[in-house]
Undergrad: 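Got a structure for you, questions after.
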Protein chains: 2
Amino acid sequence: MTTREELRTIALAEFAAAGYGATSLQRIAELAGVSKSSVLYHFESKERLLEAAIGPAIDRMNIVLAPLQVAGIGDRRAFLEAFVDFLLEYRLEVNMFINQGPSLVDVPVIERANELVRRLAAFFEVNSGSLEEKMRFGIALGGAAYMLCSAQTFDLTQVETIDETRAALITILTDLLG
Amino acid sequence: MTTREELRTIALAEFAAAGYGATSLQRIAELAGVSKSSVLYHFESKERLLEAAIGPAIDRMNIVLAPLQVAGIGDRRAFLEAFVDFLLEYRLEVNMFINQGPSLVDVPVIERANELVRRLAAFFEVNSGSLEEKMRFGIALGGAAYMLCSAQTFDLTQVETIDETRAALITILTDLLG
DNA sequence: TCAGAAACTGTCCGATCGGTCAGTTTGGCA
DNA sequence: TGCCAAACTGACCGATCGGACAGTTTCTGA
């Protein structure tokens with residue numbers, strides 16, 4: 001693993017756990033065992049580091065959404081499975097966005113993610129549905145992100161297999177949105 | 001409204017919106033139109049301000065939970081209604097705890113809130129249930145908090161009445177946990 | 001009216017923030 | 001071996017952080 005990729009991984013974990021504003025470049029550097037200058041060599045600013053941290057997740061989600069742009073959401077169950085796979089693979093990024101996003105206005109990469117959520121909401125016809133349907137969408141999105149990143153709070157640390165988690169998540173989200 | 005209470009309200013809103021670590025005493029002072037020194041006169045430290053901000057919510061939730069300590073959860077529906085009322089009244093506090101709590105280790109008031117969540121999980125027999133039941137609890141808790149505090153993201157700003165929101169929330173949480 | 005308490009302020013402190021920059025170390029290739 | 005670019009560092013910058021403290025204004029009851 002290159003140092004750059006290592007820094008990206010460490011930064012993402014810290015941003016998700018402690019928050020973007022509360023995480024200093026110095027702390028990231030210490031966790032990586034390099035100097036703060038080295039962090040700023042690989043990423044020219046803290047904001048660029050944030051971009052590198054969650055950008056790939058946005059790109060991936062855009063790919064998941066792309067076919068729906070022309071064909072509509074079609075089979076909800078199939079889409080939810082793809083969505084859950086996305087959540088599991090990018091849980092830290094999603095958690096960070098859910099928790100920190102609202103406070104990071106005018107940050108380009110966060111605006112891109114906000115646009116993504118709006119498109120997602122449109123696919124689920126959130127704004128044409130009832131209030132309850134809107135709320136179901138919000139609860140599913142925020143709740144899945146929260147739950148996936150607070151395993152220890154709920155004594156979920158002994159989660160046996162990723163497959164079981166995936167199946168349970170699909171069942172619950174299908175209940176909420178399917 | 002006393003200045004102290006005004007400061008508490010402003011601080012809570014900022015902590016919930018921008019995060020505890022990212023909110024400076026100077027900013028709170030500016031929003032309140034007083035000096036930073038004045039903030040530290042009413043609350044001897046930033047941590048005490050955090051305590052004052054979310055402490056009442058914890059006290060209130062403890063009162064909601066108290067009767068269950070002896071009688072068990074009994075009618076889940078009735079408890080969920082009380083819980084939803086709590087969520088609606090203390091949405092900022094809950095949102096702040098959900099988002100910032102994991103990063104605020106060793107802060108006494110946050111530890112108190114964590115203990116509260118553990119007791120809540122115990123009432124719902126989260127740890128004796130299946131993985132899916134645990135996840136339902138986490139999604140319900142985190143999702144409700146997220147949704148209540150991101151109305152504009154989902155174009156929910158035109159929420160007509162609090163009663164409709166309350167009814168929808170009870171329905172959804174009953175689906176998840178009832 | 002006036003004294004004491006409460007409320008509030010400006011100034012200062014050491015630490016840390018994100019970021020710049022000149023200089024040093026390191027690794028690969030001719 | 002010599003060289004150059006990439007990787008990395010420490011020192012430094014102005015700004016801001018949470019907080020201490022002495023002094024000033026404002027309120028209130030005797």
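So you know, we letter chains A, B, ... as the sequences are listed, proteins then strands, and number each from 1. Keep in mind that the numbers below use all heavy atoms, side chains included, and drop hydrogens, waters and symmetry copies.
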Undergrad: Measure the distance from CD on Q26(B) to C1' on dG18(D) and round it to the nearest whole Å.
TA: 11 Å

Undergrad: For dG19(D), does the base pair up with any side-chain atom of K36(B) as donor and acceptor (N or O, under 3.5 Å, distance only)?
TA: yes

Undergrad: Measure the acute angle between the ring planes of F15(B) and Y20(B), then classify it against the limits of 30° and 60° as parallel, tilted or perpendicular.
TA: perpendicular

Undergrad: Is it true that atom CZ of R166(B) has more than 12 heavy atoms of other residues, nucleotides or ligands lying nearer than 6.0 Å?
TA: yes

Undergrad: Among the nucleotides dC8(C), dT11(C), dC8(D), which one has an atom lying closest to any side-chain atom of T3(A)?
TA: dC8(D)

Undergrad: Between S35(B) and dT9(C), is there a side-chain N or O to OP1/OP2 distance below 4.0 Å?
TA: yes

Undergrad: Please state how far atom CD in E6(A) lies from atom P in dA7(D), giving the value in whole angstrom units.
TA: 14 Å

Undergrad: Mind calculating the distance between CD (E47(B)) and C1' (dC17(D)) to the nearest angstrom?
TA: 16 Å

Undergrad: The side chain of S24(B) lies closest to which of these nucleotides: dC17(D), dC8(D), dT9(C)?
TA: dC17(D)

Undergrad: Tell me: CG of L25(A) to C1' of dC12(D), nearest whole Å?
TA: 16 Å

Undergrad: Are N62(B) and R112(B) close enough that a side-chain donor and a side-chain acceptor fall under 3.5 Å?
TA: no

Undergrad: Among dG19(D), dT9(C), dT20(C), which is the nearest nucleotide to the side chain of S38(B)?
TA: dT9(C)

Undergrad: Hey, which sits more toward the 5' end of DNA chain C by its nearest nucleotide, E44(A) or R27(A)?
TA: R27(A)

Undergrad: Atom OH of Y41(B) to atom C1' of dA7(C): distance rounded to whole Å?
TA: 5 Å

Undergrad: Rounded off to whole Å, could you give me the CG-to-C1' distance for the L40(B) and dC8(C) pair?
TA: 12 Å

Undergrad: Counting C-beta onward and ignoring hydrogens, is there a side-chain heavy-atom pair between L40(B) and L49(B) closer than 4.5 Å?
TA: no

